[in-house]
Student: 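Got a structure here, written out as structure tokens. Questions coming.
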Amino acid sequence: MNGLCCCTPCKPRYRRLVDSIYPRAVTDGLLHSNMQKLTFYAISHPEKLERIGEYLVMRMVRDLNRQRPVQVKIAVEAMDQLLQACHSSPSLPQFSENHLRMVQRLLESNNAKMEQLATDSFVTFSNIEESSPSYHRQYDFFIDKFSQMCHANPQAAYGEDFRLARCAGLRGLRGVVWKSVTDDLHPNIWEQQHMDKIVPSILFNLQEPDDNGGFSSSHIPKFDNNFTDSTQSHRGDDEATPKVLSDRCLRELMGKASFGSLRAVIEPVLKHMDLHKRWSPPPSFAIHVFRAIIYSIQSQNSYFVIQELINHLDSMCSADASTRIGIATVLSSIVSIAGTSIGPLLLSIFNSLLKHLRTSVDFERSGKCSDQPAEKMYQEALINAMGDFANALPDYQKVEMMMFTVGNIPNLDERKSKQGEEFLQHVLVKTLLKVATKYRTAYLATVFTDSFLDTLLRLALVRDPQVRLATQQIFHTLLDRHDNAANLVHLGYELDVADVQLTVEKCSRADQMFMRKHIGDITYMLWRAAAAADETDLSTHADAILCTMSLLCIEVGFEESLVELFRLSMALQQLALDIKQNFSDAKRNSIHNIVAKYMNLSAQLIANPSLCQQVQHVVGCRAQRGIPGLNLLLSVKESPMNDDPLSSTAVNGTIPEGTPRTITEGDHALLFNIEDVAESLKASGKDASRLFVPFNMSLNGRDGNGDSWQREDGQNFDSTDGRESPDGYKTVGIDDVSVDMSVDWTPPISRKQSRRNTIFSIVNPPIPELNASTVDDLKAYANASFDPIEEDRKEKELTGSILSEIRNTDFEERVNTNESLNERGDLSKSIARLLVRNGETTKVRDIGRPTKPKNVFEIELPSFAY
């Protein structure tokens with residue numbers, strides 16, 4: 001029974017049944033009636049299934065060697081039908097081995113049609129779910145052969161059918177993945193040696209160029225991860241191109257990969273991108289691949305792909321800038337997809353991106369960078385990646401990212417900054433702005449913590465004008481909760497603010513408490529920012545300051561903050577009038593315009609008719625005067641001033657000779673009067689007493705341009721404790737100018753308490769007597785300017801007297817004196833004194849009765865008692 005029998009009656013029955021399926025005529029094909037008999041016999045006698053398979057393979061090999069393709073096709077079709085009919089047979093594993101041996105012989109023929117036939121048969125086999133596992137099955141040969149078919153080209157034996165060969169190879173690899181994943185004891189195809197062949201083969205076909213020579217994913221449909229029916233799959237695959245089929249294979253491969261197998265799949269992808277230079281901008285192919293990967297794997301494993309990309313960026317830190325730009329761009333495009341599953345690795349990933357940003361900045365500033373524009377593009381790509389990353393996170397994590405970014409900004413208090421720190425400030429502030437744009441503020445205290453607000457206020461006063469401008473934009477983003485910033489960023493003089501379409505809501509109590517604490521710091525920052533506005537880009541900086549003031553008025557417009565903003569406006573007007581400041585006429589006019597525009601906006605928002613009338617009068621007088629840059633009515637077509645002959649020269653833009661270039665202190669009609677503003681606020685029921693408190697404008701320090709601020713007497717003082725600075729270097733901090741906004745605020749005795757007076761002072765210094773007999777004298781005293789020289793002299797006298805008392809007076813005597821002075825301030829002694837005063841014995845004594853009552857026998861009763 002070794003297959004050498006020559007007569008039919010001597011053959012076993014299973015062989016006679018196999019022979020009967022072959023037709024006498026070559027053109028007839030498989031005899032289906034006889035095939036049904038063979039199938040019934042195989043099902044009825046499962047022990048014969050393995051021999052049936054061996055005999056079919058033997059006949060197929062003989063026909064293949066004799067170049068009989070019709071007989072070969074009949075054998076393959078018979079094997080496929082038996083495989084599907086006997087899928088639950090106990091002999092199926094042995095029959096499957098014969099089937100795989102037949103597929104292998106067909107693939108070894110190097111015939112395109114036979115390889116196509118073998119691939120179809122293997123896909124049929126991969127859809128069979130076996131009931132018993134196979135312990136010794138290996139797919140190494142099939143992986144190698146299918147991968148080779150995926151790289152078919154027209155110069156090989158395939159000719160014009162190379163695309164069909166590629167599709168066959170992809171379907172074969174897809175079948176290998178299906179079969180190995182569904183088997184219980186499948187061979188481990190997730191090993192690195194197998195993935196190094198499967199993944200590049202898929203990507204090679206996915207990167208197939210379009211007709212225009214580039215890659216486009218617009219024609220690639222999106223597939224789900226579920227397996228489809230084999231018939232439908234075959235029908236779709238036959239009509240698919242290698243690019244579409246490879247995209248489907250990649251998604252299914254990633255969908256079946258477990259967490260432990262992801263590294264083996266991701267590493268060949270990264271290696272393929274490096275070798276084929278697919279990171280070069282624009283990295284559309286790399287973006288498509290990693291998007292497919294992110295959408296295909298389980299959502300909780302998405303962070304692993306992000307981490308692998310960042311690790312790859314670490315290894316490519318010395319590569320060309322174009323490569324790093326491509327990796328950063330891919331990160332930017334997929335990090336928002338995986339952002340919701342980052343979890344505890346949030347700060348780690350964000351820290352890695354910041355580290356690369358700092359490394360790029362240091363490299364650019366070191367002088368070794370040969371392509372600075374490309375390096376800047378790389379930094380922009382990293383910033384965009386961090387912004388997109390923040391967009392997918394919840395709000396509380398966005399706040400953490402902003403705090404983390406602020407913590408990486410170089411120390412703003414250092415007098416000598418290191419090389420590149422100013423540029424690093426610029427880059428990190430841009431990063432902070434990008435993250436802030438993704439955050440939606442609910443309560444100001446939630447995002448503006450003390451450290452965060454302090455850093456922003458300091459950033460608004462640094463040397464770099466771009467950093468100052470970006471900081472103002474950060475304030476705009478975080479303060480704007482009703483999308484008003486777009487209408488306020490280039491605010492003009494509006495006759496009717498309703499045309500601006502602003503959304504105004506009542507300020508919450510939490511925001512009121514926050515602003516009472518910090519409004520002084522913010523207004524002082526705005527005043528300093530206006531003084532330090534860059535002359536080269538004056539309009540942009542002025543618009544940014546005006547937008548910040550307007551947002552404060554709209555978002556936190558309660559009484560105290562409004563009064564402080566009006567106070568700031570008066571201070572800005574005084575700053576523009578100060579002839580000691582080295583400002584150009586254009587800058588002075590710009591500050592005047594900021595004040596006028598804000599006064600117009602706030603007056604209409606609080607619905608104060610008298611204040612609106614004052615603003616219109618001042619703006620109209622300025623238009624009549626024709627000072628260049630101060631005519632805000634030029635852009636208002638409905639203004640009645642455009643028909644006034646006195647203002648025609650200003651409207652037409654012609655400037656007569658002798659016309660002043662800016663406003664002086666003598667032009668009272670062109671300035672806002674603080675008393676008139678206060679009267680208007682009082683008429684509307686607001687407490688305008690704070691409006692007359694002098695704004696501390698002459699504090700020492702340095703603005704963003706390094707200019708030193710001087711007092712009226714021309715002397716410079718260090719802002720630490722009021723003493724003269726020995727080296728001439730002025731320092732300023734936000735805490736030096738904090739303004740208490742509480743209702744029961746009282747001005748401090750000195751600008752800042754000295755440490756030595758805190759240690760040695762025993763009693764509070766006496767308050768100077770007020771020799772004021774009239775209300776005018778009282779106002780003059782209240783509006784008197786602060787004199788630090790006199791205060792410093794008083795502090796020195798007080799210190800000397802305290803030291804003299806300590807040195808010349810006995811200790812016991814000083815103790816008794818202090819106890820007598822502080823007795824009324826001692827709580828325990830005060831309580832004892834009140835108890836004594838209110839005691840029953842004291843009351844009895846006070847009404848004239850004896851201290852102790854008489855004995856009962858000594859009391860004389862009245863006469864009617866007898």
Side-chain angles (χ1 to χ4, degrees), residues 49-50 53 57 76-77 79-108 115-150 167-199 201-202 223-234 236-237 240 245-246 248-258 260-261 264-265 296:
L49 185 60
E50 180 182 2
V57 172
V76 173
E77 187 176 353
M79 289 285 283
D80 292 342
Q81 291 188 20
L82 288 174
L83 192 65
Q84 294 177 2
C86 304
H87 60 88
S88 58
S89 174
S91 301
L92 184 62
Q94 293 79 12
F95 180 78
S96 299
E97 295 298 329
N98 293 322
H99 180 270
L100 291 178
R101 188 155 54 91
M102 178 192 69
V103 173
Q104 180 177 348
R105 292 299 299 269
L106 289 173
L107 292 174
E108 290 174 348
E115 290 177 353
Q116 185 81 18
L117 188 63
T119 303
D120 294 339
S121 180
F122 184 83
V123 171
T124 302
F125 164 73
S126 64
N127 284 278
I128 300 299
E129 185 176 354
E130 301 180 51
S131 58
S132 56
S134 176
Y135 295 96
H136 305 291
R137 186 177 300 163
Q138 297 293 331
Y139 297 109
D140 295 359
F141 169 79
F142 299 102
I143 294 175
D144 294 343
K145 183 60 180 179
F146 289 139
S147 301
Q148 179 184 353
M149 294 170 61
C150 290
C167 290
L170 289 170
R171 289 190 288 110
L173 291 178
R174 188 182 179 193
V176 172
V177 174
W178 287 0
K179 193 61 178 177
S180 59
V181 170
T182 54
D183 281 351
D184 295 332
L185 295 177
H186 61 81
N188 190 7
I189 67 162
W190 304 108
E191 294 179 357
Q192 196 68 47
Q193 56 179 351
H194 297 319
M195 288 295 107
D196 287 340
K197 299 173 183 177
I198 296 175
V199 174
S201 301
I202 296 175
F223 304 100
D224 55 13
N225 297 330
N226 300 324
F227 295 137
T228 57
D229 182 70
S230 60
T231 305
Q232 297 177 355
S233 175
H234 285 197
D237 291 349
L245 191 56
S246 59
R248 181 183 301 172
C249 292
L250 177 64
R251 294 173 186 271
E252 292 182 355
L253 178 66
M254 299 307 304
K256 288 299 179 181
S258 61
S261 306
V265 183
S296 301

Student: Walk me through whether L173 and S201 qualify under side-chain contact (heavy atoms from CB on, under 4.5 Å).
Tutor: CA-CA 9 Å; L173 291 178; S201 301; 4.0 Å; yes
Student: Does E115 come within less than 4.0 Å of K145, counting only side-chain N to carboxylate O?
Tutor: yes
Student: For F146 and L170, run side-chain contact (heavy atoms from CB on, under 4.5 Å): C-alpha distance rounded to whole Å, both residues' side-chain angles, the deciding distance at 0.1 Å, then the answer.
Tutor: CA-CA 7 Å; F146 289 139; L170 289 170; over 6 Å; no
Student: Hey, what do you get for CD (Q94) to CD (E97), rounding to the nearest 0.5 Å?
Tutor: 8.0 Å
Student: Side-chain contact test, heavy atoms from C-beta onward, threshold under 4.5 Å: evaluate it for V103 versus T119 and give yes or no.
Tutor: no
Student: Is there side-chain contact between V177 and E252, with at least one heavy-atom pair below 4.5 Å?
Tutor: no
Student: Carefully, step by step, assess L83 and L92 under the rule side-chain contact (heavy atoms from CB on, under 4.5 Å).
Tutor: CA-CA 8 Å; L83 192 65; L92 184 62; 3.7 Å; yes
Student: Locate the shortest heavy-atom distance separating F142 from L100; write the atom from each residue and the value.
Tutor: CZ-O, 3.6 Å
Student: Looking only at heavy atoms, what is the nearest atom pair of L106 and A118, with distance?
Tutor: CB-CB, 3.5 Å
Student: To the nearest 0.5 Å, how far apart are CG in D144 and CD in Q193?
Tutor: 9.0 Å
Student: Within this structure, what is the CZ-NZ distance for the pair R251 and K256, rounded to the nearest 0.5 Å?
Tutor: 16.0 Å
Student: Between the main-chain N or O of A257 and the side-chain N or O of S261, is there a donor-acceptor pair closer than 3.5 Å?
Tutor: no
Student: Shortest non-hydrogen contact from S121 to H99?
Tutor: OG-NE2, 2.7 Å
Student: Sub-3.5 Å donor-acceptor pair from the side chain of S89 to the main-chain atoms of C86, do we have one?
Tutor: no
Student: Between D196 and Q192, do the side chains contain an N or O donor and an N or O acceptor separated by less than 3.5 Å?
Tutor: yes
Student: Using a 4.5 Å cut-off on heavy atoms from C-beta on, say whether the side chain of S126 contacts that of V176.
Tutor: no
Student: Supply the atom-to-atom distance M102 CE to F122 CZ, rounded to the nearest 0.5 angstrom.
Tutor: 11.5 Å
Student: Return the minimal non-hydrogen interatomic distance between Q116 and A168, and the atom names on each side.
Tutor: OE1-CB, 3.6 Å
Student: Any side-chain heavy atom of M79 sitting closer than 4.5 Å to one from F125?
Tutor: no
Student: Mind checking the CG-CZ spacing from L250 to R174? Nearest 0.5 Å is all I need.
Tutor: 12.0 Å
Student: Heavy atoms only: give me the nearest K179-Y139 pair and the separation to one decimal.
Tutor: CG-OH, 3.1 Å
Student: So D80 and D120, do their side chains get closer than 4.5 Å, heavy atoms only?
Tutor: no
Student: Is there a donor-acceptor pair under 3.5 Å between the side chain of N98 and the backbone N or O of V57?
Tutor: no
Student: With side-chain contact (heavy atoms from CB on, under 4.5 Å) as the criterion, how do Q84 and T124 come out once you've worked through the C-alpha distance, each side chain's angles and the decisive distance to 0.1 Å?
Tutor: CA-CA 8 Å; Q84 294 177 2; T124 302; 3.1 Å; yes
Student: Can you confirm whether F141 sits close enough to L107 that some side-chain heavy atom of one is under 4.5 Å from a side-chain heavy atom of the other?
Tutor: yes
Student: Considering residues, nucleotides and ligands other than R105, do more than 12 of their heavy atoms fall under 6.0 Å from its CZ?
Tutor: no
Student: What is the minimum heavy-atom distance between C150 and G169, and which atoms define it?
Tutor: SG-C, 3.5 Å
